[in-house]
There are 2 protein chains.
Amino acid sequence: MGAVQTIARPRAAADDSATLPLDTILTADCIAAMKALPAASVDMIFADPPYNLQLGGELFRPDGTHVDAVTDDWDKFDSLKHYDAFTRAWLAEAHRTLKPNGTIWVIGSYHNIFRVGATVQDLGFWILNDIVWRKSNPMPNFRGTRFTNAHETLIWASKGEKAKYTFNYRAMKTLNDELQMRSDWEFPICGGQERLKKDGHKVHPTQKPEALLYRILLACTKPGDVVLDPFFGTGTTGAVAKRLGRHWIGIERERGYVAAATQRIEAALPLDESAVATMQSPRQQPKVAFGTLVENDYLTPGAILTDAKRRYRVTVRADGSLVSECGAVGSIHKLGAALQGAPACNGWTFWHYEADGAGLRPIDALRQTWLLATQP
Amino acid sequence: MGAVQTIARPRAAADDSATLPLDTILTADCIAAMKALPAASVDMIFADPPYNLQLGGELFRPDGTHVDAVTDDWDKFDSLKHYDAFTRAWLAEAHRTLKPNGTIWVIGSYHNIFRVGATVQDLGFWILNDIVWRKSNPMPNFRGTRFTNAHETLIWASKGEKAKYTFNYRAMKTLNDELQMRSDWEFPICGGQERLKKDGHKVHPTQKPEALLYRILLACTKPGDVVLDPFFGTGTTGAVAKRLGRHWIGIERERGYVAAATQRIEAALPLDESAVATMQSPRQQPKVAFGTLVENDYLTPGAILTDAKRRYRVTVRADGSLVSECGAVGSIHKLGAALQGAPACNGWTFWHYEADGAGLRPIDALRQTWLLATQP
DNA sequence: CAATCTAATGAATCACGTT
DNA sequence: TAACGTGATTCATTAGATT
């Protein structure tokens with residue numbers, strides 16, 4: 001195994017160029033279309049297959065509005081067994097069409113990614129990383145029944161253990177303020193102007209953000225490489241590939257998606273440098289929840305907090321809530337406000353703890369200590 | 001399916017208490033020891049199984065025993081096959097020993113988590129979330145060949161699709177500064193004083209941070225619940241369970257780890273009961289009928305209620321039903337839903353009354369006053 | 001015109017007890 | 001067991017309307 005960056009590999013070989021349908025969309029079933037492609041002919045594959053969500057009944061937000069779920073036929077499978085067979089079939093073709101030193105990316109959620117990942121390994125692919133796409137603005141869990149499903153998972157794999165795959169290490173490090181790019185990436189979900197719409201409705205229920213593809217193509221392909229996307233949808237992969245000077249091949253069955261993708265890619269301009277800056281710099285804001293300090297034993301449940309003048313006295317509980325002597329409970333902010341009869345309160349500066357021999361210190365001091373210990 | 005917090009479930013039943021080795025470490029092979037436990041006897045399982053293969057060519061037989069130095073005889077498909085058999089064997093026992101409404105947590109990396117996740121599904125577990133542990137201080141990729149592997153993945157699953165699992169939604173929300181807890185969690189890796197060492201060397205190569213177990217146990221168990229850890233290692237699960245007032249059972253084969261865990265857990269201090277308490281969901285409060293408030297003159301029949309924006313106006317009747325100006329009649333919930341044309345409505349927060357000099361207040365405030373006055 | 005309010009929406013396996 | 005009544009439940013962002 002190893003990352004090769006220095007060796008200039010040949011572009012698509014002459015015989016391939018003749019047969020490869022470069023920079024076009026094949027309107028066809030993905031497995032059939034892949035079978036028609038020559039073996040060992042593409043440099044990278046990006047695949048966003050159906051997730052097999054298995055959703056139940058209708059879902060409403062607390063304000064009574066209806067949640068527009070993914071109910072399309074292409075996401076329905078009779079059973080896990082059928083889904084596995086489908087997964088194995090298209091991944092086998094992916095393995096065949098990939099060049100020896102090519103890599104594959106597959107995105108999914110907990111509904112399908114474990115089955116996809118196991119099949120990837122079964123077929124002899126060598127997993128290089130799993131990448132977590134952290135959504136900065138995920139849909140909440142409206143019923144309060146689980147943790148907010150705030151991420152999706154990507155698998156990056158080479159064709160085999162010894163393959164000399166492309167990884168543009170320096171580009172990734174530069175992009176990440178001279179720190180190694182990590183396996184957790186934060187992007188917003190696709191919305192606003194970028195989201196394709198027709199008659200006011202989204203064209204595709206699961207359009208991926210261009211920023212995600214941008215980072216993937218920049219990291220794992222070279223200019224002129226051929227990128228295959230067997231689940232092309234509205235063509236995010238094609239649009240980004242064109243912008244970055246990579247060739248692309250899309251496979252998509254639904255004509256509506258093909259039409260939208262065609263128009264979109266025609267409008268895409270190669271190397272839009274201005275967009276690069278906004279899409280590349282991973283932003284992260286250190287935000288600390290009071291509960292984090294409790295979890296990490298900066299404050300032990302049962303600890304006593306008071307305000308600076310010791311008028312109010314409360315006890316810290318296991319979940320980071322506070323309980324007053326009169327039995328009122330709430331977060332550091334809410335209980336501080338309630339006890340004072342104020343509309344709001346900054347709990348970080350209001351509440352204090354007794355530091356050993358140093359008198360009262362605001363709990364904000366603990367937050368600063370935490371940030372110093374955990375931020376690079 | 002759904003999160004149940006209101007039903008006080010029995011602790012380990014009498015017959016289980018007799019046979020369950022509560023708060024002890026079983027020095028044994030995990031599959032054999034689990035087979036000896038009664039069916040449907042534990043509330044939660046936390047498992048940190050071996051990560052398999054690839055790293056150093058480790059191999060496991062289906063019974064979990066280690067295969068030494070045979071790398072030439074085993075290709076990676078054999079290795080995967082045997083790891084799958086081992087995974088299936090211990091997960092099947094986990095399924096058997098779990099109570100009908102219990103849940104399981106499994107942690108892993110990209111080397112094994114896809115195989116584990118697929119087997120979890122194959123055995124009938126119902127995945128509730130996958131959780132990403134983002135390491136604030138991961139080990140860098142020294143050779144610059146991949147993305148920094150900066151996270152591990154946890155799977156949280158119930159015993160089946162319809163199970164009524166425990167999820168302490170309010171406690172998690174409080175812990176996260178009044179925002180829903182997401183599926184991506186950030187913790188430092190285990191180090192410093194927390195990391196167990198002997199003769200200057202770490203006792204266990206993959207000791208998990210207590211903060212991770214703290215959040216898991218707080219989220220998905222109740223005080224007094226029984227937590228089983230079949231890969232106990234140096235006993236992080238036991239130490240945190242003891243602190244939080246949960247029972248624990250550990251299974252560990254290596255005597256060195258057992259000794260370290262025993263000493264560690266003995267030193268752990270349980271929090272007192274009030275500190276273990278967490279924020280409770282309204283689901284756990286006793287139900288109050290709106291009519292009760294009318295009967296007790298918190299609201300007089302004939303009183304006027306409106307929504308917050310005063311778009312709808314209704315009159316309270318003697319039996320606690322409401323009547324609108326257009327003559328529609330119904331409960332606080334039904335009429336609120338009907339007037340808005342919504343599928344459902346929480347009348348307690350939708351309807352407001354005019355409080356003396358204090359403007360509109362939701363009728364839920366009256367319910368809270370009633371609860372305070374009548375609950376011990 | 002700037003500031004502010006309102007409405008819409010996103011790959012979601014999203015309730016429970018009683019009759 | 002299916003139907004029904006009660007009532008618990010949301011965050012970040014964008015776009016458009018209003019002040």
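Computed over heavy atoms, backbone and side chain alike; hydrogens, waters and symmetry mates excluded. In the text below, chain A, chain B and the rest are named by the order of the sequence lines, each starting its count at 1.
- The nearest whole Å value for the distance from the CZ atom in Phe114(A) to the C1' atom in dT13(C) is 13 Å.
- At least one side-chain nitrogen or oxygen of Lys309(B) sits closer than 4.0 Å to the OP1 or OP2 atom of dA7(C).
- Ring planes of Trp185(A) and Phe187(A): perpendicular class, angle over 60° (limits at 30 and 60°).
- The same atom, P, is picked in dG10(C) and in dT9(D); the two are 25 Å apart, to the nearest Å.
- The cationic group of Arg367(A) lies under 6.0 Å from the six-membered ring centre of Trp348(A) and within 45° of the ring axis, placing it in a cation-pi geometry.
- Among the protein residues, Gly57(A) comes within range of the nucleic acid bases, having at least one heavy atom under 4.0 Å from a base atom.
- Rounded to an integer number of Å, the gap from Asp199(A) CG to dA8(C) C1' is 17 Å.
- In this structure, a donor-acceptor pair under 3.5 Å is absent between the side chains of Ser331(A) and His333(A).
- In summary, the side chains of His66(A) and Glu58(A) do present a donor paired with an acceptor at a separation below 3.5 Å, with no hydrogens or angles considered.
- Glycosidic torsion of dT9(D) falls outside 90° of 0, placing the base in anti.
- For the pair Leu59(A) CG and dG10(C) P, the computed distance is 13 Å after rounding to whole Å.
- Residue Gln54(A) has no polar side-chain atom (N or O) positioned under 4.0 Å from OP1 or OP2 of dA11(C).
- Between Trp74(A) and His204(A), the angle of the ring planes stays under 30°, which puts this pair in the parallel group of the 30/60° scheme.
- Across the strands present, dA2(D) finds its partner in dT19(C); the criterion is a Watson-Crick or G-U wobble pair with both atom distances under 3.5 angstrom.
- Base pairing of dC5(C) is made with dG16(D), judged by Watson-Crick or G-U wobble geometry with both donor-acceptor distances under 3.5 Å.
- Look at the P atom in both dT6(D) and dA11(C): the space between them is 36 Å, to the nearest Å.
- Across all strands, Trp74(A) comes closer than 4.0 Å to base atoms (heavy-atom distances).
- For the pair Thr65(A) and Asn129(B), both in contact range of DNA chain C, the more 5′-proximal nearest nucleotide belongs to Thr65(A).
- Looking at Asp75(A), its side chain never comes within 3.5 Å of a backbone N or O of Asp72(A) through a donor-acceptor pair.
- Distance noted for atom C1' between dC1(C) and dG16(D): 16 Å (whole Å).
- On the P atoms, dC14(C) is 23 Å away from dA12(D), given to the nearest whole Å.
- Aromatic ring pairs are classed by plane angle as parallel below 30°, tilted from 30° to 60° and perpendicular above 60°; the pair Trp156(B) and Trp105(B) is parallel.
- The ring pair (Phe, Tyr, Trp, His ring centres under 6.0 Å) search around His82(A) returns none, not counting sequence neighbours.
- Using a 4.0 Å heavy-atom distance criterion, Asp130(B) is classed as making no nucleic acid contact.
- Nucleotide dG7(D) has no partner under the Watson-Crick or G-U criteria, as no pair reaches both atom distances under 3.5 Å.
- Separation of the C1' atoms belonging to dT13(C) and dC4(D) is 25 Å when rounded to the nearest angstrom.
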(request) Going 5' to 3' through nucleotides 6-11 of chain D, assign each nucleotide B (protein heavy atom under 4.0 Å from a base atom), S (under 4.0 Å only from sugar-phosphate atoms) or - (no protein heavy atom that close). (result) BBBBBB

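- Within 4.0 Å (heavy atoms only), Thr206(A) reaches at least one base atom of the nucleic acid.
- As judged by a 4.0 angstrom heavy-atom cut-off over every strand, Pro209(A) is placed among residues making no nucleic acid contact.
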